[in-house]
Structures are given as structure tokens and as C-alpha cells.
Amino acid sequence: MQPITNKLLAWYDDHHRILPWRITPRDHKSGIVANPYRIWLSEIMLQQTTVEAVKPYFLSFIRKWPAVTDLAAASQDDVMRVWAGLGYYSRARNLKKCADIVAADFGGQFPADLARLKSLPGIGDYTAAAIASIAFGLPVAVVDGNVERVITRLYALSTPLPVAKPEIRQLMQVLTPGERPGDFAQAMMDLGATICTPKRPACVICPINGHCEALKTTDPEFFPVKAPKKAKPIRLGAAFIAISADGEVYLRGRAQTGLLGGMTEVPTTEWTSRIDGETGIDAAPFTAQWVPSGTITHIFTHFELRLTIYEARNVRKPAGGNGWWISVENLDNEALPTVMKKAIAAAIPDAFAKRRKEA
DNA sequence: GAGACGTGGAA
DNA sequence: TTTCCAAGTCT
């Protein structure tokens, strides 16, 4: 075994993080096996998402759907509602698709090989390798953002990402042991998350600082090298909060694909880059006494959205329309993404009581 | 290969 | 306030 691998595994035994979806090395050694469903679920949730954000959602899902067959039996809308707030909603749509396939085509068991895992919706290179190594003990290279950072520093790779990816994968494969490959992958990720951090890494306490080329020759913080980012454009629009005399809000469903696909919204105009000050009030869902009630700003990954909020109170519910009315008290049960909650809260400040998601 | 795709927390 | 970014995937 590589000296680096050995040191990292020893470090992991003593310093691993305790996480709801994780089997500790001690339990692992006493014969307890990881649950592929839980590993899969956590890996999907952790894509581009912090551990702290994932924890309550993971526990909610496990409590509501203890096995992949339970998730397959759930409705798509239920899944979107429980996922609401976690972001990147295509993950939730693919999560449901994947559960359906595993239940229907794989007898409720996740396949234990890289190729078939990767063929499933929402499972790419990283997630397939993570499930294969952590849940099934296969010695495959697991490369996520943490591993990219650790490896580029360890070997002082100055090739920018994502060009350096194949080289990183190869170097990771060499380090990955035949025994405990899952623990090794998690050790690398824990190291990246707690010691080999993007800013001000704690090299003094790093278990492999004696092997780090970047630390030896320059500054680890210079790695990984990445292409510069582009400026975010600003898009404008208006949102309409209709409140009936009996205290209900008008909502409607978004298309199943694209931004916030499959989620719930309040009616809005198109979101455009126009700066002519047009309000777009023509796009109101129905005639009412629409009154401006401020603006909200929401930052998406690739643009900034500024919405003018119009509210109308004591609205007489019009017949027809493809939306629905829901009481303010029950808004928490809707699949509302954060931007829509902000829009509603602009008109109804106490619509969403500030409470932590139950753990 | 580059852009679409959310959110909240930290510096 | 601004910038960065956190266990990526899909097209």
C-alpha cells in the first residue's frame, strides 16, 4: 500500500467525521455493511451542497421513505415537496426516476458495478464511483471537488481544471487501496473538507504534509488552478401574490423541465434582461387590484433575478385557471423553491415562520 | 466543452 | 457588500 494511503487511512480512523449516512470505520470492521440506498441518497443530496444543508433533508427522506422501494412508491409531487429548499431540482426528479428503475428493473437492489450505476439517472462519474467504493467496496477512483484539491496540491498540478481531471483520476486510482477503498475515498474527502480547505489550509496538522509537493515548493492555496468565472447577468420580472378573502394564496405548477422544473410558483412574468422599467403587469394571472409591494432579489447560479412584487388582497377567486388556492398556514406543504418563498414573504411577512427543518 | 442548474454560509 | 463556493450531472 502507498505510504500516503496508509497514513490517510490511519488518520481517518481517528479523525473521521460522524455523519448520518456514514458507517464508522469501527462499525465497518465489526461487520456492519453500508446501506446502498442511504449512500446513494446522501451522494445525490451532497452534489454541490454542503453537509450541513443536507443533514435535515437526508433524515426527512429516510424517515419518510426508509427503502428505495418506498421512494419508488411515492408520488413525484411528494418527493418535490420534501426536497423543496435544497436546490438543483433536477436531482429530485432524477432521484425519483432512479428509484423507479432500481425498484422495477433491479429488484430493489442497486447494481454493484460502475457501468450500470452510471447508466442510472442523476448518477455520473463521481456518484457512481462513490457508491461503488463506499457501498460495495470496489477499488475505484472517487474524484470530487475535495479530491481534486487534495491531489492537485499533493502533486503540484498546475494544469487548470477541468483539463486536469483525467490526470487527477489516474493519480487517485494509484492511491486507492484494494482494502477499504470506501474509507479511503471518504478520508480524502474529509481531509479536503476539514484540513486541505480551499482557503488557508491547515497544513501544519495535515497527516500527509510530508508528501505534499505544493507545500514543499510553493503555496498549496494556489491549487487547484481554475478558469476565471464570468459575470452574472441580471434578469427582471414581476411576481403576483393574490390573497383571497378567506386567506388563501394562488399558486400554480411550473413546467417539469428547466429552471425550478416540477416545482410550485406564484404567477410571474417572463424573466428577461430588459431594463426599460416595464412592470409586466399585463402578465397578471387575472384581473384584480394589483398593488406594488416592494422587490426581492434572488441569486441563481448563472443570473441574478430581481422581481417586483404585486399583491392583491380580498381577491374574488376566478373560475378556471390551471393553478390552485392554498391557505397561508399550509404553504409549508407546497413544493415552493426559496425564490418563491421570498416573493410570497414580501407580501405576507409571516407566511413562513422561521423554524429549523426538523432533524 | 461550455452553459444550465439553487441555496445558504463563510470570509 | 461581494465573492466564493459545497461530495456534480446533463446537454
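What you see below is based on every heavy atom in this structure, not just the backbone, and it leaves out hydrogens, waters and symmetry mates. Numbers restart at 1 for each chain; the letters A, B, ... are given by sequence-line order, proteins then strands. Computed from a prediction, not measured in an experiment: that's the story for all the values here.
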If you define the side chain from C-beta out and look only at heavy atoms, does anything of A:Phe300 sit under 4.5 Å from A:Val339? yes
Side-chain N,O (A:Thr127) to OP1/OP2 (C:dT9) below 4.0 Å: yes
Looking only at side-chain atoms of A:Arg91, point me to the closest of B:dG6, C:dT9, B:dG8. B:dG6
Within the pair A:Tyr88 and B:dA4, is there a side-chain N or O less than 4.0 Å away from OP1 or OP2? no
Could you give the CD-to-P distance, from A:Glu52 to C:dA7, as a whole number of Å? 13 Å
Taking CG from A:Leu86 and P from C:dG8, how many angstroms apart are they, rounded to a whole number? 13 Å
For A:Arg200 and B:dA11, what is the distance between atoms CZ and C1' respectively, to the nearest whole Å? 10 Å
Please work out if A:Ile123 contacts a base, only the sugar-phosphate, or nothing of the nucleic acid, heavy-atom cut-off 4.0 Å. sugar-phosphate
A:Gln47 CD to B:dG6 P, straight-line distance once rounded to whole Å: 13 Å
Has A:Thr218 got a side-chain atom pairing as donor or acceptor with A:Ala214's backbone, closer than 3.5 angstrom? no
Do A:Asn94 and A:Arg91 have side-chain N/O donor and acceptor atoms under 3.5 Å apart? no
I'd like the C1' distance from B:dG6 over to C:dC5, given in whole Å. 13 Å
Is it true that A:Glu248 and A:Ser327 share a donor-acceptor pair across their side chains at a distance under 3.5 Å? no
With the threshold set at under 4.0 Å for non-hydrogen atoms, list the residues of residues 157-194 of chain A touching DNA chain C in residue-number order. A:Met189
Using only side-chain N and O atoms of A:Gln48, determine if any of them is under 4.0 Å from OP1 or OP2 of C:dG8. yes
Do A:Lys7 and A:His211 have side-chain N/O donor and acceptor atoms under 3.5 Å apart? yes
Does B:dG3 have OP1 or OP2 sitting under 4.0 Å from an N or O in the side chain of A:Lys230? yes
Between P on B:dC5 and CZ on A:Phe303, what's the gap in Å once rounded to a whole number? 7 Å
Ignoring backbone atoms, test whether A:His298 places a side-chain nitrogen or oxygen under 4.0 Å from the OP1 or OP2 oxygen of B:dG6. no
Contacting residues from residues 128-151 of chain A, given that a heavy atom lies under 4.0 angstrom of DNA chain C: A:Asp144, A:Gly145, A:Asn146, A:Arg149
Measuring only the P atom in each nucleotide, how far is C:dA7 from B:dA11? A whole number of Å is fine. 15 Å
So, do A:Phe136 and A:Phe110 have ring centers that fall under 6.0 Å from each other? no
Using a heavy-atom cut-off of under 4.0 Å over every strand shown, decide if A:Gly261 touches base, sugar-phosphate, or nothing. nothing
Under-4.0 Å side-chain N/O to phosphate OP1/OP2 contact, A:His302 with B:dC5: yes
C:dA6 versus B:dC5 - spacing of their P atoms, nearest Å: 22 Å
DNA chain C: A:Lys226 or A:Pro121, which has the more 5' nearest nucleotide? A:Lys226
Distance, rounded to the nearest Å, where A:Leu260 contributes CG and B:dA4 contributes P: 14 Å
Any chance the side chains of A:Thr127 and A:Gln47 put a donor and an acceptor closer than 3.5 Å? yes
Sidechain N-carboxylate O distance under 4.0 Å for A:Glu148, A:Lys165: yes
Rounded to whole angstrom units, what separation is found between the CD1 atom of A:Ile296 and the P atom of B:dT7? 10 Å
In whole angstrom, what separates A:Lys232's NZ from C:dC5's C1'? 10 Å
Any A:Thr49 side-chain N or O less than 4.0 Å from OP1/OP2 of B:dG6: no
For A:Lys118, the salt bridge (charged side-chain N to carboxylate O under 4.0 Å, His left out) test, sequence neighbours excluded, returns A:Asp125
On DNA chain C, check which nucleotide each of A:Thr301 and A:Lys229 is closest to and give me the residue with the more 5' one. A:Lys229
Rounded at 0.5 Å granularity, tell me how far CG in A:Leu59 sits from NZ in A:Lys64. 15.0 Å
Would you kindly say whether A:Tyr155 and A:Glu167 are connected by a side-chain donor-acceptor distance under 3.5 Å? no
